[in-house]
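Structure below; questions to follow.
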Amino acid sequence: MSWIREGELNLIEKLSANILKAGPMPKHVAFIMDGNRRYARKRQVERQEGHTQGFDKLAETLRWCLNLSIHEVTVYAFSIENFKRSKDEVDGLMELAKQKFIRLLEEQCFLNVCFAYTSRHEIANAVGEMAWGVEQGLIKSSDVSEALLSRCLYSSNSPNPDLLIRTSGEVRLSDFLLWQTSHSCLVFQSVLWPEYSFWNLCDAILQYQLNHRPLQKARDQHREGQALQQHEADRACLADLLQHHGNGKPLDAQRRREALLNYTASREERVQDFLGALQHKRDSFLTDLTSQAALA
Amino acid sequence: MAIVYEFVWQVLHVLLHIHRTLITWFRIRLRNWNGRLWSRALTALIVPMALSFPNQKNIVPAPGKRVDRRYRWGADGKSLEKLPDHIGLLIAEEEPRYTDIANLVVWCMAVGISYVSVYDNYGVFRRDNSRLMDEILKQQQELLDLEGSKQLCVEFLNNGTDKQDQQVLSCQSVLKVLSPDDGKLRIVQAAQQLCRAVEQRDKTSKDINVTVLDSLLRESKSTPDPDLVLKFGPVESTLGFLPWHIRLTEFILTRLFKTLL
């Protein structure tokens with residue numbers, strides 16, 4: 001069994017893929033892979049078998065996504081059991097995965113796997129990081145914004161998912177990417193994850209294409225609103241600053257504009273420094289973790 | 001070759017649109033036809049049942065249609081195994097239909113839902129809530145024969161005070177009018193508040209966790225998270241509806257109002 005299935009699409013599937021690709025395609029798809037246990041019950045096999053099938057299905061789905069030019073996939077390993085196997089199996093699998101991941105990297109694809117993840121914790125953590133930035137004197141509390149919060153999430157290196165698919169007929173988000181999917185296309189499909197087919201994926205992408213324009217409009221509108229809010233916040237901060245540190249004389253329009261531009265520039269610089277420090281903190285954490293693992 | 005694929009794609013999408021339009025048209029026609037049949041059947045069957053319910057001794061036995069409706073819906077609600085505590089109505093339509101939304105709110109109230117939230121992603125309801133309120137009061141009168149707003153309280157988010165809690169307790173249902181500002185922006189404001197506390201050394205960054213953030217975002221301790229969200233409109237998305245609060249919410253995504261009413 002190979003980690004990423006080598007099999008290519010058959011002729012009809014290839015044709016359909018090409019037709020779909022004529023329209024707008026999602027660049028980042030998120031999957032809530034639900035239904036492994038139900039599948040096992042349905043087939044009257046062990047639960048573990050359901051998870052194994054689910055695991056294989058993930059590999060197959062990644063191959064389909066690659067063929068559909070979807071270069072980033074995030075999956076919610078719904079329970080940690082999804083990846084529970086014997087130690088030998090895990091070691092063997094990880095070695096194979098490492099080889100295949102290198103190939104994935106060559107094809108410039110990203111797979112994000114959410115293990116033991118909840119969105120609320122992620123958001124609270126991001127707020128904590130910003131508070132850390134304030135503690136360190138890197139940013140001010142007034143620098144906190146929606147954009148900055150997004151940059152502090154674990155998913156900061158990825159764009160927001162364009163499409164969120166949940167299988168098995170459940171219609172909940174279950175604490176998965178609540179912040180990031182606020183303007184994503186939601187598709188709830190009743191098929192169980194181990195039974196997921198290429199056509200199910202095409203159906204979801206069709207839904208995305210049908211919703212593409214109104215969602216784009218909603219996203220643009222939201223972004224404009226954000227920019228406006230940021231502008232207003234900058235003005236308010238500037239006014240505050242001038243009141244406290246100014247010489248009492250009101251500024252003319254030109255000076256005010258310049259002062260606002262300066263304030264915005266300095267805020268952006270502070271934010272960049274903070275994000276750099278945050279990245280460094282996270283990298284050090286990972287390095288320490290891997291070096292500890294190597295020693296063990 | 002690319003041109004051929006693009007052509008086929010265009011044809012496919014045109015067919016899909018036609019398919020959707022036809023289905024919607026049929027469903028509306030079927031509903032209207034069925035609706036007339038059903039309402040006559042129900043009136044014939046249920047009016048005598050409603051009048052004979054034992055726990056309605058203290059009601060003036062005027063068999064007006066509105067009173068029957070109120071008790072029929074109330075009975076419907078009680079007969080269900082589990083009612084959601086909080087229903088969200090997500091209006092993703094370009095031009096919201098106030099009468100239909102008001103109807104929905106009144107029905108939710110009548111069936112016994114304690115909290116109803118109305119949301120649209122343009123913030124129209126929040127900005128101009130008087131029109132919605134008037135419509136709701138009007139429908140309350142028409143459908144349920146309730147005077148004034150004695151059974152319905154309207155609450156806006158960000159107004160969480162103890163006084164509000166007391167007021168809420170005396171109401172049968174609470175209506176919340178929401179906008180995108182109550183979603184991500186509210187989370188950002190809570191984050192700013194916590195960071196200010198850190199700036200003033202009232203808190204440290206390590207004190208910030210899900211519980212702390214949740215208590216800030218829960219404007220009133222008694223308000224539950226939405227159990228169910230009904231989305232109306234052509235867009236399959238939450239469109240910024242209360243991201244923090246919807247972690248376990250069930251979604252019913254419908255395209256058109258008319259198919260539900």
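Within every chain, numbering begins at 1; the chains are lettered A, B, ... in the order of the sequence lines, protein sequences first and strands thereafter.
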Chain B interface, residue from A:T118, A:N125, A:V171, A:V127 that has the most non-hydrogen pairs under 4.5 Å: A:V171

Proximal component of A:T181, with respect to chain B [non-hydrogen, under 4.5 Å]: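 The backbone, not the side chain.
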
B:R196/B:D202 salt bridge by N-O under 4.0 Å criterion: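 Answer for the salt bridge query: no.
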
Toward chain B, the part of A:Q229 with a non-hydrogen atom under 4.5 Å: side chain

From CA spacing to verdict: side-chain contact (heavy atoms from CB on, under 4.5 Å), B:R131, B:Y98: CA-CA 8 Å; B:R131 189 171 160 196; B:Y98 286 86; 3.3 Å; yes

Candidate list B:L89, B:V118, B:L242, B:L90, test side chain to side chain contact (heavy atoms under 4.5 Å, CB included), partner B:L178, passing option: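 The option that passes is B:L242.
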
Most contacts with chain A, counted as non-hydrogen pairs under 4.5 angstrom, among B:Q10, B:E250, B:K203: B:E250

Segment of A:Y208 engaging chain B (4.5 angstrom heavy-atom cut-off):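 No part of it gets close to chain B.
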
Worked verdict on A:E122 versus A:Q180 for side-chain hydrogen bond (donor to acceptor under 3.5 Å, both in side chains): CA-CA 11 Å; A:E122 185 185 24; A:Q180 296 89 329; 3.2 Å; yes

Interchain contact, A:L173 with chain B, by part (heavy-atom threshold 4.5 Å): both

Which atoms of B:I246 approach chain A - backbone, side chain, both or neither, heavy atom under 4.5 Å: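 Both backbone and side chain.
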
Least distance between heavy atoms, A:S184 atom then A:L163 atom: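 Residues A:S184 and A:L163, closest heavy atoms: CB-N, 4.4 Å.
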
Selection from A:Q209, A:H121, A:E170 maximising heavy-atom pairs under 4.5 Å formed with chain B: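 If we count pairs closer than 4.5 Å to chain B, A:Q209 comes out on top.
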
Region of A:S119 that comes under 4.5 Å of a non-hydrogen atom in chain B: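 No part of A:S119 comes within 4.5 Å of chain B.
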
A:H222 and A:H183 aromatic ring geometry - parallel, tilted or perpendicular at 30°/60° bounds: tilted

Top contributor to chain A interface from B:L185, B:L194, B:V229 [non-hydrogen pairs under 4.5 Å]: B:L185

Residues A:R120, B:D225: salt bridge by 4.0 Å N-O rule: yes

Minimum side-chain heavy-atom gap A:Q230-A:E146 below 4.5 Å: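 A side-chain contact is absent here, since even the closest heavy-atom pair is not under 4.5 Å.
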
Which of B:E199, B:Q192, B:K184 touches chain A most, by non-hydrogen pairs under 4.5 Å: B:K184

B:D182/B:R186 under salt bridge (charged side-chain N to carboxylate O under 4.0 Å, His left out): CA gap, chis, key distance, verdict: CA-CA 5 Å; B:D182 299 306; B:R186 188 74 196 88; over 6 Å; no

Between A:M130, A:Q221, A:Q207, the one whose heavy-atom pairs under 4.5 Å with chain B are most numerous: A:Q221

Salt-bridge contact A:R223-A:D220 (side-chain N to carboxylate O under 4.0 Å): yes

Leading residue by heavy atom contact count with chain B [cutoff under 4.5 Å; candidates A:V144, A:L206, A:V187]: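 Of A:V144, A:L206, A:V187, A:V144 has the most heavy-atom pairs under 4.5 Å with chain B.
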
Partner chain B: residue of A:A22, A:G225, A:C185 with the largest heavy-atom pair count (under 4.5 Å):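 Top option by heavy-atom pairs under 4.5 Å: A:A22.
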
Max heavy-atom pair count under 4.5 Å with chain B, selected residue of A:L148, A:I123, A:N211, A:L164: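 Option with the top pair count is A:N211.
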
Proximal component of B:T249, with respect to chain A [non-hydrogen, under 4.5 Å]: backbone

Stepwise side-chain hydrogen bond (donor to acceptor under 3.5 Å, both in side chains) check, A:S141 with A:D143: CA-CA 5 Å; A:S141 61; A:D143 296 337; over 6 Å; no

Structural part of B:D214 lying under 4.5 Å from a heavy atom of chain A: side chain

Heavy-atom proximity to chain B below 4.5 Å, by part of A:K21: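 Neither; nothing under 4.5 Å.
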
Region of A:E129 that comes under 4.5 Å of a non-hydrogen atom in chain B: neither

Partner chain A: residue of B:V4, B:T204, B:N209, B:I252 with the largest heavy-atom pair count (under 4.5 Å): B:T204

Whether A:F198 and A:W64 hold their rings parallel, tilted or perpendicular, with breakpoints at 30° and 60°: perpendicular

